[in-house]
Chemist: 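Take a look at this one; I'll ask things after.
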Amino acid sequence: MTEKVTIIGSGPAGWTAAIYAARAEMNPVVYEGAFNEENRQMGTLPLGQLSLTTEVENFPGFPAGDMTTYLDTSIQDDKRRYMAPHGKHGVSGPELMELMRQQAANFGTRIVTDDIVDIDTTQRPFKLKTLGGEEFTSHAIIIATGARANYLGLPSEDKFKNMGVSACAVCDGALPRFRNKPVVVVGGGDSAMEEATYLTKFASVVYIIHRRDSFRASRIMAERALSNHKIQVKWNSNIDEVLGDEKSGVTGVRIRSTTHPSKTEELDAVGYFCAIGHTPNTDFLKGQLKTNEKGYVVWTTPQRTYTSVDGIFAAGDVADDYFRQAITAAGTGCMAALDAERWLAAQGIE
Ligand code: NAP
């Protein structure tokens, strides 16, 4: 059987595309990714980056409050395995993703827990191959594989993820653990400036740890950060280790001078925000779609989710290195489903 539309990826873009495609009777299949150690290490497990965050306070429709009853009746029990402890919170990232997944399934979306490892774009319908070895064809494809945050790769970073280590200040910065306490931001680009400036709303002090003596960030962003009295910059410094314990999570960092490598310093901090860039998940495309200089899939037509290959559409962070929000990903997921529906109709594919 040839699929009408195959959606690759299981973040907000993928599930929103699936909800729209399923309601339009396109009988979509979602390849949500494989649960394996490689994906865990890379931060690319099913349900995407949101499944690695804690509370989500900025997705419209999910105000803070006790969501227990709603969640109890909305998601199957066996999907509660990721749940954050219930309490006075709106919805957690993992819960939000399970809700979207369930909503897509409710309309008949078929879900396959496997990775797509290869697409042959030279033949129509397109030929796809899974990690598990399955091969199939599809008339249209929506790429919604997202991006992954870059981390330094320290074991201590991994140990305290969700316990003070984050790569998204907008997602996590307002959490109670960071209120009126010192935090660190690693990086010297616009993201680091933006995250540091944002975090000053909540933290008592924000240390920017940067490996050189000048920022890569645009002048306006750098000046905004440097003029903020809550921000202190530790120039020419690398993170040696994130310090902490099982109970409290992050309690500080040890930094090492890049100019005098024997010189180290320990800083007290309850948060560690890594802002050294993101990498789009496009390896499986093997260069077959046009990407920008940073590797993100290019939308070839304004206000459309078309890519450089007719019949392949892109949605969410894999094609967006600028907004990178759950709600914008969901929005472009909707657009991709509508684009695919109209494209299939124009091809006369029922
Ligand atoms: P970026 O510009 O690539 O900057 C990454 C920063 O992380 C650099 O300062 C780099 O140091 C540092 N870094 C990278 N690897 C490191 C490592 N292993 N150890 C220590 N430091 C490391 O990435 P970005 O800040 O995420 O920005 C990405 C793009 O989005 C940019 O084009 C940016 O302008 C744009 N952006 C715009 C806005 C805005 O306008 N509001 C906000 C965010 C991002 P070096 O400088 O030494 O290389």
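Every number for a ligand or one of its atoms is a count from 1 in the order of the listing.
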Chemist: Would you kindly check if the NZ (Lys) or CZ (Arg) of Lys161 is within the cone defined by 45 degrees around the ring axis of Tyr151 and under 6.0 Å from the six-membered ring centre?
Modeler: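 Geometry flag: set, cation within 6.0 Å and 45°.
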Chemist: How far is atom 9 (O) of ligand 1 from its nearest protein heavy atom, and which residue and atom is that?
Modeler: Gly188 N, 3.0 Å
Chemist: Between Asp190, Leu152, Ile220, Ile276, flag the one that comes closest to atom 19 (N) of ligand 1 by a heavy atom.
Modeler: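 Nearest option to atom 19 (N) of ligand 1, by heavy atoms: Leu152.
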Chemist: Side chains of Asp339 and Thr305: donor-acceptor distance under 3.5 Å anywhere?
Modeler: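 The criterion, which ignores hydrogens and geometry beyond distance, is satisfied for Thr305 and Asp339.
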Chemist: Can any side-chain N or O of Ser237 pair as donor or acceptor with the backbone N or O of Trp235 at less than 3.5 Å?
Modeler: yes
Chemist: Which residue and atom name correspond to the protein heavy atom nearest atom 30 (O) of ligand 1, and how close is it?
Modeler: Asp321 O, 4.1 Å
Chemist: Can you list the atoms of ligand 1 that are under 4.0 Å from a heavy atom of Lys294?
Modeler: 29 (C), 32 (O)
Chemist: Which option out of Ala149, Cys274, Gly189, Gly277 puts a heavy atom nearest to atom 6 (C) of ligand 1?
Modeler: Gly189
Chemist: So which heavy atom in the protein is nearest atom 10 (C) of ligand 1, and how far is it from that ligand atom?
Modeler: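 Scanning the protein heavy atoms, the shortest distance from atom 10 (C) of ligand 1 goes to Arg211 NH2, 3.8 Å.
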Chemist: Which residue from His210, Glu194, Arg216, Arg212 reaches closest to atom 4 (O) of ligand 1 through any of its heavy atoms?
Modeler: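 It is Arg216 that holds the nearest heavy atom.
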Chemist: If I apply the N/O under 3.5 Å rule, does Val186 come out as touching ligand 1?
Modeler: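 N/O-N/O distance under 3.5 Å: no.
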Chemist: Could you tell me which non-hydrogen atom of Asn292 sits nearest to which non-hydrogen atom of Val298, and how far apart they are?
Modeler: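 Distance-wise, the nearest heavy atoms are N-CG2, 3.4 Å.
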Chemist: Any non-hydrogen atom of His278 lying under 4.0 Å from ligand 1?
Modeler: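 No, His278 has no heavy atoms under 4.0 Å from ligand 1.
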Chemist: Check the pair Leu45, Phe35 against side chain to side chain contact (heavy atoms under 4.5 Å, CB included), reporting the backbone distance first and the verdict last.
Modeler: CA-CA 6 Å; Leu45 283 174; Phe35 277 103; 4.0 Å; yes
Chemist: Do ligand 1 and Ser191 have nitrogen or oxygen atoms that lie under 3.5 Å from each other?
Modeler: yes
Chemist: In terms of residue, atom name and distance, what is the protein heavy atom nearest to atom 39 (C) of ligand 1?
Modeler: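 For this ligand atom, the closest protein heavy atom is Met221 CE, 3.8 Å.
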Chemist: Please determine whether ring-ring contact (aromatic ring centres under 6.0 Å, His included) holds for the pair Phe178 and Phe273, giving the CA-CA distance in whole Å, both sets of side-chain angles, and the decisive distance to 0.1 Å.
Modeler: CA-CA 11 Å; Phe178 303 120; Phe273 291 84; 5.1 Å; yes
Chemist: What is the ring orientation for Tyr70 with Phe62, classed by angle as parallel under 30°, tilted 30 to 60°, or perpendicular over 60°?
Modeler: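 Ring orientation, 0 to 90° scale: tilted.
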Chemist: Identify the residue among Arg177, Glu157, Lys159, Met163 that makes a side-chain contact (heavy atoms from CB on, under 4.5 Å) with Val250.
Modeler: Arg177
Chemist: Using heavy atoms and a threshold below 4.0 Å, how should the contact between Met193 and ligand 1 be classified: side chain, backbone, both, or neither?
Modeler: neither
